[in-house]
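All heavy atoms count here, side chains included; hydrogens, waters and symmetry mates do not. Throughout, numbering of the chain's residues begins at 1 and tracks the sequence.
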Amino acid sequence: QVQMVESGGGLVQAGGSLRLSCAASGRPFSDYAMAWFRQVPGKEREIVAAISWSGAKLYYTDSVKGRFTISRDNARYTVYLQMNSLKPEDTAVYYCAADEDPLAFGVKVDEAEYDYWGQGTQVTVSS
């Protein structure tokens with residue numbers, strides 16, 4: 001089992017940047033594929049980005065391509081989401097998630113495939 005704590009959220013103006021961190025503890029971090037999801041009240045949670053256990057495979061939802069970067073440091077048990085050129089529509093609660101049965105190649109994008117979740121961190125982008 002793994003426990004995760006997100007940090008780095010906050011209020012930023014449109015065009016600004018934030019870096020989210022998700023610190024994990026428990027089983028070896030390299031056992032897990034990781035992802036960031038986000039949710040707006042009244043809407044379903046959606047995937048933002050995912051990274052394979054090795055970091056070699058990445059996925060981004062179309063709306064964040066070219067603006068967000070997911071990365072991981074297995075030695076520090078941490079996954080990051082660098083968010084640049086933020087837009088008001090990026091406002092949401094952001095969650096990190098861990099997949100304890102990762103694919104050998106590729107990543108999963110369905111939230112039902114992820115086994116462990118952080119508590120979430122609020123990101124608010126003002127116009």
Side-chain angles (χ1 to χ4, degrees):
Q1 193 168 357
V2 64
Q3 294 79 42
M4 298 176 293
V5 178
E6 299 101 333
S7 61
L11 173 64
V12 64
Q13 288 188 331
S17 298
L18 284 174
R19 188 174 84 152
L20 304 184
S21 299
C22 174
S25 61
R27 283 173 51 187
F29 192 57
S30 57
D31 285 356
Y32 299 90
M34 300 295 294
W36 287 95
F37 288 77
R38 65 187 179 188
Q39 189 170 26
V40 175
K43 293 190 176 181
E44 293 187 354
R45 190 154 50 186
E46 66 168 352
I47 191 165
V48 176
I51 186 168
S52 62
W53 64 272
S54 66
K57 297 295 183 181
L58 306 177
Y59 169 86
Y60 296 98
T61 195
D62 286 346
S63 62
V64 308
K65 285 180 180 176
R67 300 189 297 123
F68 290 11
T69 302
I70 188 171
S71 62
R72 66 188 296 161
D73 184 337
N74 286 345
R76 295 180 182 271
Y77 280 52
T78 303
V79 62
Y80 304 97
L81 185 67
Q82 178 66 45
M83 305 186 294
N84 298 329
S85 302
L86 282 161
K87 304 176 180 180
E89 51 264 43
D90 294 317
T91 295
V93 177
Y94 284 71
Y95 299 89
C96 65
D99 170 16
E100 67 178 353
D101 186 25
L103 300 173
F105 302 99
V107 293
K108 303 170 188 174
V109 299
D110 185 349
E111 68 168 305
E113 300 274 15
Y114 287 81
D115 304 286
Y116 303 104
W117 294 82
Q119 82 288 353
T121 186
Q122 177 70 46
V123 171
T124 303
V125 184
S126 63
S127 57

ILVMFWY network linking L11 to L18, side-chain heavy atoms under 4.5 angstrom: no
Value rounded to 0.5 Å, distance of CD in Q39 from CD in E44: 8.5 Å
Is there a donor-acceptor pair under 3.5 Å between the side chain of R72 and the backbone N or O of G55? no
For W117, the rest of its hydrophobic cluster, which grows through side-chain links under 4.5 angstrom: F37, I47, Y59, V93, Y95, V107, V109, Y114
State, yes or no, whether a side-chain contact exists between Q3 and Q1 at a heavy-atom distance under 4.5 Å. yes
Is there a side-chain contact between D99 and D115, using heavy atoms and a 4.5 Å cut-off? yes
Give, for atom OG of S63 and atom CD of E46, the distance between the pair rounded to the nearest 0.5 Å. 5.5 Å
Is there a donor-acceptor contact under 3.5 Å from the side chain of T91 to the main chain of V125? yes
Distance col, row L58:CG vs S52:OG, nearest 0.5 angstrom, shows 6.5 Å
On a heavy-atom basis, the closest approach of T78 and S21 is CG2-CB, 4.3 Å
Non-hydrogen side-chain atoms of I51 and Y32 separated by less than 4.5 Å: no
Under the side-chain contact (heavy atoms from CB on, under 4.5 Å) rule, what do V2 and Y77 come out as? Steps first, then yes or no, please. CA-CA 10 Å; V2 64; Y77 280 52; over 6 Å; no
So for atom CZ, which belongs to R27, do other residues, nucleotides or ligands contribute more than 12 heavy atoms lying within a distance under 6.0 Å? yes
Check the pair E6 / L20 against side-chain contact (heavy atoms from CB on, under 4.5 Å), numbers first and verdict last. CA-CA 7 Å; E6 299 101 333; L20 304 184; over 6 Å; no
Please round to the nearest 0.5 Å and tell me the distance separating atom CZ of R38 and atom OG1 of T61. 7.0 Å
Test salt bridge (Lys or Arg N to Asp or Glu O under 4.0 Å) applied to K87 and D90, step by step: CA-CA 5 Å; K87 304 176 180 180; D90 294 317; over 6 Å; no
With no hydrogens and no angle check, is any side-chain donor or acceptor of K108 less than 3.5 Å from a backbone partner on D101? yes
Check step by step if side-chain contact (heavy atoms from CB on, under 4.5 Å) holds for Y60 and T69. CA-CA 8 Å; Y60 296 98; T69 302; 3.8 Å; yes
Going hydrophobic residue to hydrophobic residue with side-chain gaps under 4.5 angstrom, can you get from M34 over to W53? no
Within this structure, what is the CZ-SG distance for the pair F29 and C22, rounded to the nearest 0.5 Å? 6.5 Å
Taking W36 as the starting point, is it possible to reach Y80 by hopping between hydrophobic residues whose side chains are less than 4.5 Å apart? no
